[in-house]
Amino acid sequence: MKRSARHRNMSGIFFYSHQKEVFSQQSSRKIHMKNIYLAYFLIIILSACGGKKSETVSLNGEIKGLGNDTLYIYGADRLYDRMDTLLVKDDKFSATLTPDTLVETYLLFSNGSQYPLFMDKGDKIRIKGSVSEPGILEISGNSANEELTAFQNELKELGKPSQKVMEEKAENFINSHLASLASLYLLDKYFIQKHQPDYNHIKRLIEHMTGELKDRPFIDELLNRIQEEEKSEVGKTTPYFRLPNDKGKTISRSDFKDQYLLIQFWASWDTLSRDSNAVYRRIYKKEQKNKKFALLGISLDIDKEKWQKAIKADTLNWEQVCDFSGWNAEPVKLFSIRSLPANILLSPSGRIEGKNLSEKAIEKKLKEIEEREKKETERKQKKIKR
């Protein structure tokens with residue numbers, strides 16, 4: 001059957017229109033795909049820019065009255081083991097820092113005072129304060145800083161709270177902020193840095209913290225320290241140790257058989273322990289005729305000549321020993337000595353009777369021992385008469 005010219009023309013027009021539509025659709029698809037690729041490309045670029053930005057910490061501060069000065073930021077643990085310098089001009093300072101994760105650092109002032117600062121990559125930290133109130137800074141930029149700021153302001157409202165009240169406040173904070181890095185700071189300040197820390201109490205506070213906090217190096221080091229301290233706590237028996245005296249003779253704990261032994265830890269280079277030598281001179285003078293008591297000085301010196309000169313200058317007439325290994329000396333590790341001056345009182349059997357005792361506490365302890373020995377002697381005499 002033959003098609004009419006009109007039909008053929010219409011078919012041609014339809015075919016042309018169809019091809020045009022197909023071409024148009026293909027073009028639209030290409031344009032659409034190009035737009036998608038462009039969008040993806042822009043997302044990648046923006047993501048890259050955003051990632052790069054989040055790797056840094058933006059820090060800005062203003063402390064009124066600081067003037068032109070220099071501040072430092074140093075890490076409180078191995079996670080941030082460097083120091084950064086902040087130049088202060090007209091009370092203001094700024095810096096861009098690069099921590100790898102959430103870290104505890106300290107803002108160190110030129111007068112030696114310091115203030116805790118927590119930072120994580122991506123933070124925008126703002127510090128406000130005044131030199132007239134160095135103990136309180138308003139720090140924002142992440143939850144740890146803001147939580148500690150709130151805690152400090154709460155203490156400020158109390159006026160001059162007692163140490164007991166501050167410890168109670170700190171404990172309440174820790175128990176209600178189990179995932180906050182500020183809790184580790186308060187744990188250290190109010191419970192670990194005490195003259196005689198209660199390590200059982202510290203362990204109980206740590207137990208409730210989240211795994212994230214427990215995994216930090218600070219906690220690992222603290223738990224290791226507690227383990228060491230428990231070996232040398234009051235009531236435990238210590239092993240024997242041997243060190244040379246100033247004449248080269250080896251001195252051991254067994255040389256003080258049947259005596260209560262007060263061990264004094266000191267060093268010629270340590271001002272505080274040199275000052276405390278006066279306390280031990282008084283004790284030695286008073287007790288040198290007491291056959292049940294002996295005094296032993298263990299030095300953390302590394303220079304023999306300086307040690308011997310200090311012994312002479314400070315008139316330390318009781319037994320003195322030193323192996324010139326400083327903080328690596330065997331008794332330092334046995335008794336977990338971490339600061340100077342320090343002392344340990346041992347019974348004749350090597351039982352620890354007291355640690356870091358004051359002069360009054362030593363005198364009281366010696367009186368108790370004297371009374372105990374007197375009663376024991378009387379008991380034995382009565383037994384013999386029977």
Side-chain angles (χ1 to χ4, degrees), residues 73-81 102-108 112-119 135-137 139 144-145 147-152 154-155 161-236 265 270 272-273 300 327 332-344 352 354-358 361:
I73 291 177
Y74 71 92
D77 58 42
R78 296 195 306 269
L79 295 176
Y80 197 78
D81 57 355
L102 178 62
V103 293
E104 178 185 354
T105 65
Y106 281 95
L107 192 63
L108 179 64
S113 63
Q114 57 186 22
Y115 200 90
L117 172 66
F118 311 104
M119 59 183 184
I136 299 178
L137 293 178
I139 305 180
N145 286 318
E147 287 162 355
L148 184 60
T149 295
F151 175 83
Q152 301 284 42
E154 185 178 345
L155 286 187
S162 65
Q163 184 65 26
K164 184 179 179 181
V165 169
M166 289 191 289
E167 288 176 10
E168 288 174 354
K169 290 288 183 182
E171 183 169 352
N172 290 337
F173 180 95
I174 292 169
N175 289 330
S176 58
H177 296 81
L178 300 175
S180 176
L181 202 56
S183 291
L184 290 189
Y185 166 74
L186 295 178
L187 178 73
D188 183 56
K189 180 178 180 179
Y190 290 102
F191 301 99
I192 298 172
Q193 298 301 328
K194 294 176 69 174
H195 183 61
Q196 291 186 319
D198 183 346
Y199 288 106
N200 289 324
H201 187 200
I202 291 169
K203 282 199 295 185
R204 287 195 297 271
L205 291 173
I206 293 173
E207 283 175 3
H208 300 294
M209 291 181 177
T210 63
E212 185 180 350
L213 283 190
K214 287 183 179 179
D215 291 338
R216 300 188 75 86
F218 175 83
I219 292 295
D220 287 337
E221 292 166 4
L222 175 59
L223 291 175
N224 289 334
R225 175 178 169 182
I226 290 174
Q227 194 173 23
E228 291 176 9
E229 291 284 350
E230 286 175 339
K231 293 177 183 178
S232 61
E233 63 186 7
V234 175
K236 294 293 178 69
F265 291 88
D270 183 69
L272 289 176
S273 62
L300 274 64
W327 289 100
V332 171
K333 295 178 180 179
L334 287 176
F335 297 111
S336 298
I337 303 301
R338 298 185 180 277
S339 63
L340 295 177
N343 63 55
I344 298 283
I352 298 175
K355 292 181 70 175
N356 297 323
L357 301 170
S358 65

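These numbers come from the heavy atoms of this one structure, side chains and all, not from hydrogens, waters or symmetry mates. FYI, the numbering just counts along the sequence from 1. This is a predicted model, so every value here is computed, not measured.
- Side-chain contact between Tyr185 and Phe218 is absent, with no heavy atoms from C-beta onward closer than 4.5 Å.
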| Could you walk me through whether Met119 and Leu102 pass the side chain to side chain contact (heavy atoms under 4.5 Å, CB included) check? | CA-CA 6 Å; Met119 59 183 184; Leu102 178 62; over 6 Å; no
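- The side-chain hydrogen bond (donor to acceptor under 3.5 Å, both in side chains) check on Glu154 picks up Lys169, with sequence neighbours excluded.
- Atom CG in Leu184 sits 11.0 Å away from atom CG in Leu205 (nearest 0.5 Å).
- Residues satisfying the side-chain hydrogen bond (donor to acceptor under 3.5 Å, both in side chains) test with Gln193, not counting sequence neighbours, are Asp188.
- Considering all non-hydrogen atoms of both residues, Pro197 and Ile202 come closest at CB-CD1, 4.1 Å.
- To the nearest 0.5 Å, atoms OH (Tyr74) and OH (Tyr80) are separated by 13.0 Å.
- Qualifying side-chain hydrogen bond (donor to acceptor under 3.5 Å, both in side chains) partners for Tyr199, counting only residues two or more places apart in sequence or in other chains: Arg225.
- The aromatic rings of Tyr190 and Phe151 sit perpendicular to each other, their planes meeting at more than 60°, with 30° as the lower class boundary.
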| said: Between Lys194 and Glu167, does the salt bridge (Lys or Arg N to Asp or Glu O under 4.0 Å) criterion hold? Intermediate values first, please. | reply: CA-CA 11 Å; Lys194 294 176 69 174; Glu167 288 176 10; 3.5 Å; yes
| Check against side chain to side chain contact (heavy atoms under 4.5 Å, CB included), Leu222 and Leu187 | CA-CA 11 Å; Leu222 175 59; Leu187 178 73; 3.9 Å; yes
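- Among residues two or more places apart in sequence or in another chain, the side-chain hydrogen bond (donor to acceptor under 3.5 Å, both in side chains) test is passed with Glu230 by Lys203.
- Here the closest heavy-atom approach between residue Ile219 and residue Leu213 is recorded as CG1-O, 3.4 Å.
- Atom CD of Gln227 has 12 or fewer neighbouring heavy atoms from other residues, nucleotides or ligands inside a 6.0 Å radius.
- Salt bridge Lys355/Glu233: absent, no basic N to carboxylate O contact under 4.0 Å.
- A distance-only check finds a donor-acceptor pair linking the side chain of Lys214 to the backbone of Glu207 [under 3.5 Å].
- When the shell of 6.0 Å around CD of Glu221 is examined, it contains more than 12 heavy atoms from other residues, nucleotides or ligands.
- In plain terms, the two heavy atoms of Val234 and Gly354 that are nearest each other are CG2-CA, 4.0 Å.
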| request: Report the C-alpha distance between Asn200 and Ile226 in whole Å, list the side-chain angles of each, state the deciding distance to 0.1 Å, and finish with yes or no for side chain to side chain contact (heavy atoms under 4.5 Å, CB included). | output: CA-CA 9 Å; Asn200 289 324; Ile226 290 174; over 6 Å; no
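- Closest approach of Ile352 and Ser232 over heavy atoms only: CD1-O, 3.2 Å.
- The main-chain N or O of Leu357 is found under 3.5 Å from a side-chain atom of Asn343 such that the two form a donor-acceptor pair.
- Of the inter-residue distances, the one linking Ile73 atom CD1 with Leu108 atom CG reads 10.0 Å to the nearest 0.5 angstrom.
- Counting heavy atoms from C-beta on, the side chains of Phe191 and Leu186 never come closer than 4.5 Å.
- Heavy atoms only, all atoms of each residue included: Ile139 and Pro116 are closest at CD1-O, 3.8 Å.
- Using a distance-only test at 3.5 Å, with no hydrogens or angles considered, a donor-acceptor pair links the side chain of Thr105 to the main chain of Leu117.
- Distance check: Ile136 CD1 to Tyr115 OH gives 6.5 Å after rounding to the nearest 0.5 Å.
- Residue Val165 comes nearest to Pro161 through the heavy atom pair CG1-CB, 3.9 Å, listed as atom of the first residue, atom of the second, then distance.
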Donor-acceptor pairs are to be reported for all side-chain atoms of residues 174-181 against protein atoms at under 3.5 Å, with residues two or more places apart or in another chain.
residue	atom	partner	partner atom	Å
Asn175	ND2	Glu171	O	3.3
Ser176	OG	Asn172	O	2.8
Ser176	OG	Phe173	O	3.2
His177	ND1	Phe173	O	2.9
Ser180	OG	Glu147	OE1	2.6
Ser180	OG	Ala182	N	3.1

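- The CG atom of Leu340 lies 9.0 Å from the CZ atom of Phe265; values are rounded to the nearest 0.5 Å.
- One distance of note links CD of Glu104 with CG of Asn145; it measures 10.0 Å at 0.5 Å rounding.
- Evaluation of the side chain to side chain contact (heavy atoms under 4.5 Å, CB included) rule for Ser358 yields Lys360, Ala361 as partners, not counting sequence neighbours.
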